[in-house]
Amino acid sequence: MYRWSQLFIPTLRDAPADAEVASHKYLLRAGYMRQLAAGIYSYLFLGQRSMLKIANIVREEMDKIGQEFHLPALNSREVWEASGRWDLMGENMFRLKDRKGTDLCLAMTHEEVMTEIVRKDLRSYKQLPQIWYQIQTKFRDEPRPKAGLMRVRQFTMKDSYSFDIDEAGLDVSYKKHEQTYRRIFNRCGLKYIVVEAHSGAMGGSKSQEFMVHTEAGEDLVASCAKCGYAANLEKATSKLEPVDDLPAAGDGEPELVHTPDVKTIEDLSKFLTVSPKNNMKTLAYMAGWPPKDGEPAREQPVVAFLRGDHMLNEAKLAGVLPEAQVRPMQADEIEEFFGAPAGFLGPLALKGRKLRGVRGLVLVDAALKGRKNLVSGANKKDYHLKNVTPEVSFELDQWVDLRNVGAGEGCPECSQPLTVAKAVEIGHIFKLGRRYAQALGARVLDKDGKEVTPIMGSYGIGIERILTAAIEQNHDDQGFWLPPAIAPFQVVVTPISARDRAQMAASERIAGELASDGIDVMLDDRDERPGMKFKDADLVGIPFRINVGKKVTEDCVEVFERSTGQKRDVNIAAISSHVEALVRRSGI
RNA sequence: CGGGGCGUAGCGCAGCCUGGUAGCGCACCUGCCUUGGGCGCAGGGGGUCGGAGGUUCGAAUCCUCUCGCCCCGACCA
């Protein structure tokens, strides 16, 4: 049996100054972990115990649909070059050389390695479908690790990969994962939502994220309380209230207006007394592609037009340009391309214009479709234009959805107002397609003896994120409490006085009995004042505490529920069944 | 990578501006005391002041460089 006096649980009275969010503070204060370097942590006894519980739940559920592998974290350059990601991943990938000078990297995910196994060892459709997974350390050289375990450079991920002969098979594998993920997160005691997600730069047809709402999250999720629609802001759409267009001024042709030093939509709207909704804003970007197949890196100017009061979502913009990274144009590039400084940029005669010999792309947000007589920049310093109508006043390359959805806008499904809230991603399921299999040359023979490329899915769960999210969801100013299924211990037995023989004897007996009933219990046998033991117990995430005090003489102990603060006197004879009921109620 | 901040004992901080014996609280060790919410008293240990260089009779303090960490942004399958 675990006795607190023998364990290393370095609790802290004060939170380290570096910690900002609740989970970060409490993981440190509760002695779950210690930091080694930016985004790199050592998990101590309690932290590791909780991580193992989470991983075991994931393993148990994944074993029902797939097979566990253990793959190398150290990968050869070859496979990553074959998939094209050696270049694509850029600075985000840790790279190193061995003594012979051979390039290696630390794997961020394992599409390549898994697909390589398929290439070498799968020959026939009869061997499909396959679902392979692993629970292992992943490495990403994040530009900015933050918020404790929320965003780190070394972390534990369950990632699985499905291989099917056709789309229908992929649908099944994908669905299996969705259901498995729901079981996993339910068992972990998390409140989560499933959202439509951006499929990312790597293509792929469908993807969903499992998100936990928390202020500490880094993602934004739009959701509808009425019909359940939920989507990552990178993907979310909404219905907009109709807007009244301005009447045509003068002859209806674009008309120059002198607007000295009026550079922002806000100023312009005031200056001309028009609503921002009748403005069209111009955003200038450069899309970049890393070197590929021996070709050098390249860049293309991209101009996006949005309604004046709308915000551009860069992920949506990047989504229009496969595998590209986008960055705002720099001042000198803007001058060169538009012939005017930022603040006066507009759409006229842009299509086909080149910057450094590369033709620019003109994109207009779908919210402007059908609008007319808008105000925009004139590509001339200190001038704007009235009467600008897309496709009439200027040519464009593409109508696309580029804007951020705003809170209160209409749900795309049912028109009710949407809410937008922060969330953290704990899992992601993703129909990948044939990209990797193709790139690595994985082929199998189908029924007709024809070579076909299997179709893949990839599915991830962040183990640390589950712990982090659980703490974010369950804490107060004294500490936190974890769902019993993932707590390092489910119960701590606390004798009020370690020197009271009767109390200690009863505590030992109770702890022993609970342990033999399969409850994860520990005994706080420290010779400390009760106040201190309570404070520690409140801090470290154990959901239930049994106080063994003076009433042992009457065979009575007190059961304390951390989440509610509720205390109940229970007869020692009934303690085991009582605790079992509490623990199972919250799902073991 | 841009902006901001911080590195002094395990944790939280003061000292720096105005150079002169390195401090406080908690934690830790010893003893006594205490035992239902971080108890009290007494004694004690623990520091390359992130690192290097410079200025100075003398540097935690001033200057230069450097390393690290945190926050905002950028970035993020």
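In what follows, every chain begins at residue 1, and chains take the letters A, B, ... in the order their sequences are listed.
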Hey, does A/Pro16 reach any base, or is it just sugar-phosphate, or nothing, if we go heavy atoms under 4.0 Å? sugar-phosphate
Is there a donor N/O on one and an acceptor N/O on the other, under 3.5 Å, for the side chain of A/Arg151 and the base of B/C76? yes
Hey, which of these two, A/Glu314 or A/Glu558, hits RNA chain B nearer its 5' end, going by closest nucleotide? A/Glu558
May I ask you to decide if the ring planes of A/Phe489 and A/Tyr2 are parallel, tilted or perpendicular, using 30° and 60° as cut-offs? perpendicular
With a 4.0 Å cut-off, would you call A/Lys206 and A/Glu196 a salt bridge? yes
Are more than 12 heavy atoms, taken from residues, nucleotides or ligands other than A/Met504, located less than 6.0 Å from that residue's CE atom? yes
Of the listed nucleotides (B/C71, B/G36, B/A27), which one gets closest to any side-chain atom of A/Arg13? B/A27
Residue mapping more 5' on RNA chain B - nearest nucleotide basis, A/Leu12 or A/Tyr285: A/Leu12
A/Gln35 CD - B/G10 P separation (whole Å): 16 Å
Could you work out the separation of B/U8 and B/G51 based on their C1' atoms and round it to a whole Å? 14 Å
What class does the angle between the rings of A/Tyr192 and A/Phe210 fall in, given that below 30° is parallel, 30 to 60° is tilted and above 60° is perpendicular? tilted
Between A/Lys533 and B/G38, is there a contact of a side-chain N or O with OP1 or OP2 at under 4.0 Å? no
If you measure from the P atom in B/G23 to the same atom in B/U55, how many Å do you get, rounded? 29 Å
Find the distance A/Tyr32:OH to B/C11:C1' and express it as a whole number of Å. 19 Å
Quote, to the nearest angstrom, the P distance that separates B/C57 from B/C67. 31 Å
A/Met532, nearest nucleotide to its side chain (from B/G36, B/C70, B/G38): B/G38
Mind checking A/Ser458 for me? I need base, sugar-phosphate or nothing, with any heavy atom below 4.0 Å counting as a touch. nothing
Using a 4.0 Å heavy-atom cut-off, does A/Asp527 contact any base of the nucleic acid, only the sugar-phosphate backbone, or nothing at all? base
Across the strands shown, which category fits A/Ala498 at heavy-atom distances under 4.0 angstrom: base, sugar-phosphate, nothing? nothing
Which part of the nucleic acid, if any, lies within reach of A/Arg144 when heavy atoms closer than 4.0 Å are counted: base, sugar-phosphate only, or nothing? base
Can you say whether a donor on the side chain of A/Arg526 sits under 3.5 Å from an acceptor on the base of B/G38, or the other way round? no
For A/Ala37, answer base if it contacts any base atom (sugar-phosphate contacts may also be present), sugar-phosphate if it contacts only those atoms, and nothing otherwise; contact means non-hydrogen atoms under 4.0 Å. sugar-phosphate
Scan A/Pro495 against the nucleic acid and name what it touches under 4.0 Å (heavy atoms): base, sugar-phosphate only, or nothing. nothing
What is the ring orientation for A/Tyr174 with A/Tyr459, classed by angle as parallel under 30°, tilted 30 to 60°, or perpendicular over 60°? tilted
Side chain of A/Pro143 - closest among B/C39, B/A74, B/C70: B/A74
In terms of side-chain heavy atoms of A/Asp14, which of B/G36, B/C11, B/C69 is nearest? B/C11
Candidate nucleotides B/A74, B/G38, B/G12, ranked by approach to the side chain of A/Arg29 - the nearest: B/G38
Could you tell me the separation between the CD1 atom of A/Ile496 and the C1' atom of B/G37, rounded to a whole number of Å? 9 Å
Among B/U34, B/C70, B/G73, the one nearest A/Arg499 by side-chain distance: B/U34
Under 4.0 Å, counting only non-hydrogen atoms across every strand here, what does A/Ala537 touch: a base, just sugar-phosphate, or nothing? nothing
Check: A/Pro16 main-chain N/O paired with A/Arg29 side-chain donor or acceptor under 3.5 Å: no
